[in-house]
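One structure is given below, encoded as structure tokens.
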Amino acid sequence: MPENLSPSVLIAGGYGVVGSDIARLVRAYHPGIRILLGGRHPEKGRALAEELGNAEAVALDLSGKQPLLAEHEAPGAVIAAVHDSSNRLLDYAISNGAGLIEIARAGDELMRAMIFTAQRAPKKPVLFSSNWMAGIPAMLAREATADMDAVTRLDMSILFYGKDRGGPDSATAVDGIDAPFIQRLGQAWQEVLPMTDPRKLRFPSGKKAKAYRVNMPDVLTLPLASGAASATVRLTVDSPINNFLSMFLLRSRIWKLIPRETRRSLVHNPGPGARHEVVIEAEGTGKDGKPAKRRLGLLDPQGQVHLTALGVLLQLERVLGLGGKEALPAGICFPETAPDFERLHEMLVKEGVEIKRDGF
């Protein structure tokens, strides 16, 4: 799509911590796109709109009963950088023929949103990208297994730095962390317990840590996209003390008795910023019938907010078909749906995101 014909893009939560990073990346790479920064208090987004140029802060109240954007034409795409539990953004995008990128759903809420979408037969892509870091690790995992004839094991392990930048939604990742969930193991879907099955890893920075099994959308999408017989997502935080304390509280059942904000603070106390690291490991059989192994590490010196925003930018390009590429098909899509690996690596290099392979 030529840039002079680029549609406008509505970013719900567009002047928040993640939303503002998304907006700046969209502007840097696609100067012709008009950006609508949506939120309950548009006056807070006016300075960012002026900084971006060709942008406007607009009122957006997901809990209200008024039309979502009564005074504006429908944008070409909607980016949901906030929780849309009422499905107002989702309904608005589908009803107005706009593409949608969702990055803030998980669990049962995500399942309900997919059913809601399927029943309405959208005419544009609805890309559920609540995967870790808006799907960048998921796309790298898909690439790592693309040349395998069969995948026996696919693991994604995350090193989370508690002092990294992050908005209020970042801390909600620990909500429900103590609940059992379904995971693919040995070609069967089984219920497993969280914070179990530890694995000690060396991350790209050289830091070693023990990561524990957790639930997130990647647990479902990774094995279904790659055909992996077993797929696991693990998480560890950079503070050994907080890691040990969290494990003790979970196993002693004290966890549920602790106030929610205290639980969240064990994992996330937003600071000035920190790096973010992920390790992806895959084992299987190559096209030649021989055993195949892949191991790569992802390190973003600018941290999780930057990496998430970069993931959203990549998904936006796919939804709108920017850069002369064909847009994703109408209907429900995921980060692993026809990823553009060439563009992915091009953007990672441009944005200073490191990819290390094998030993690192």
Side-chain angles (χ1 to χ4, degrees), residues 106 131-133 136-138 140-141 144 152-164 166 170-186 190-219 222-223 228 230-256 258 262-269 271 274-283 293-301 303-304 307 354-360:
N131 302 60
W132 194 252
M133 302 296 102
I136 285 182
L140 290 171
T152 54
R153 178 178 72 89
L154 180 57
D155 286 356
M156 185 174 86
S157 301
I158 300 155
L159 174 54
F160 189 91
Y161 286 79
K163 292 298 182 181
D164 198 354
S170 299
T172 63
V174 302
D175 294 348
I177 197 173
D178 57 332
F181 60 94
I182 301 297
Q183 176 183 325
R184 188 162 176 81
L185 291 172
Q190 302 178 33
E191 184 176 274
V192 298
L193 294 175
M195 303 304 288
T196 56
D197 191 24
R199 185 176 179 84
K200 191 167 186 178
L201 299 110
R202 179 186 178 90
F203 287 86
S205 66
K207 185 177 180 64
K208 295 180 181 179
K210 190 178 291 186
Y212 299 84
R213 178 163 54 195
V214 293
N215 187 20
M216 61 182 61
D218 305 75
V219 171
L222 285 176
S230 297
T232 304
V233 179
R234 295 181 178 85
L235 174 71
T236 185
V237 296
D238 61 314
S239 167
I241 295 176
N242 282 1
N243 248 349
F244 173 81
L245 185 57
S246 298
M247 288 301 304
F248 170 76
L249 294 173
L250 281 164
R251 290 173 178 173
S252 65
R253 300 180 183 274
I254 299 175
W255 184 262
K256 289 184 179 296
I258 301 174
T262 303
R263 297 198 300 259
R264 291 176 175 177
S265 69
L266 288 173
V267 174
H268 190 55
N269 287 293
R275 60 181 177 247
H276 190 76
E277 304 186 61
V278 180
V279 171
I280 295 166
E281 299 172 302
E283 294 181 356
K293 288 187 178 182
R294 304 285 183 272
R295 187 170 190 266
L296 62 88
L298 180 153
L299 189 155
D300 189 340
Q304 53 137 351
L307 196 58
E354 302 174 29
I355 299 293
K356 299 185 178 183
R357 300 185 183 277
D358 301 320
F360 56 84

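Just the heavy atoms: all of them, side chains too, but no hydrogens, waters or symmetry mates, feed the values below. Counting begins at 1 with the first residue of the sequence.
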Point-to-point distance, once rounded to the nearest 0.5 Å, from [atom1] of [X] to [atom2] of [Y]:
{"X": "I280", "Y": "I355", "atom1": "CD1", "atom2": "CD1", "answer": "7.5 Å"}
{"X": "L296", "Y": "L140", "atom1": "CG", "atom2": "CG", "answer": "6.0 Å"}
{"X": "R213", "Y": "T196", "atom1": "CZ", "atom2": "OG1", "answer": "3.5 Å"}
{"X": "L235", "Y": "I158", "atom1": "CG", "atom2": "CD1", "answer": "5.5 Å"}
{"X": "L159", "Y": "L201", "atom1": "CG", "atom2": "CG", "answer": "9.5 Å"}
{"X": "L222", "Y": "L154", "atom1": "CG", "atom2": "CG", "answer": "5.0 Å"}

Closest approach of [X] to [Y] (non-hydrogen atoms, all atoms of both residues):
{"X": "R234", "Y": "P198", "result": "NE-C, 4.5 Å"}
{"X": "P223", "Y": "R184", "result": "CB-CD, 3.7 Å"}
{"X": "W132", "Y": "M156", "result": "CB-CE, 3.9 Å"}

Taking the side chain as everything from C-beta on, heavy atoms only, tell me whether [X] gets closer than 4.5 Å to [Y].
{"X": "P301", "Y": "E354", "answer": "yes"}
{"X": "L298", "Y": "P204", "answer": "no"}
{"X": "V279", "Y": "R295", "answer": "yes"}
{"X": "V233", "Y": "N215", "answer": "no"}
{"X": "V192", "Y": "D197", "answer": "no"}
{"X": "T232", "Y": "R199", "answer": "no"}
{"X": "F181", "Y": "E191", "answer": "no"}
{"X": "M133", "Y": "Q304", "answer": "yes"}

Verdict with reasoning, F160 to H276, per side-chain contact (heavy atoms from CB on, under 4.5 Å): CA-CA 6 Å; F160 189 91; H276 190 76; 4.2 Å; yes

Residues I182, Q190; criterion side-chain contact (heavy atoms from CB on, under 4.5 Å); working and verdict: CA-CA 5 Å; I182 301 297; Q190 302 178 33; over 6 Å; no

Indicate yes or no for a side-chain donor-acceptor contact from [X] to the backbone of [Y] under 3.5 Å, with no hydrogens or angles considered.
{"X": "D164", "Y": "A274", "result": "yes"}
{"X": "S230", "Y": "R153", "result": "no"}
{"X": "Q183", "Y": "A231", "result": "yes"}

Contacts of R275 that satisfy side-chain hydrogen bond (donor to acceptor under 3.5 Å, both in side chains) - sequence neighbours left out: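 Partners of R275 under the side-chain hydrogen bond (donor to acceptor under 3.5 Å, both in side chains) test: Y161, E277.
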
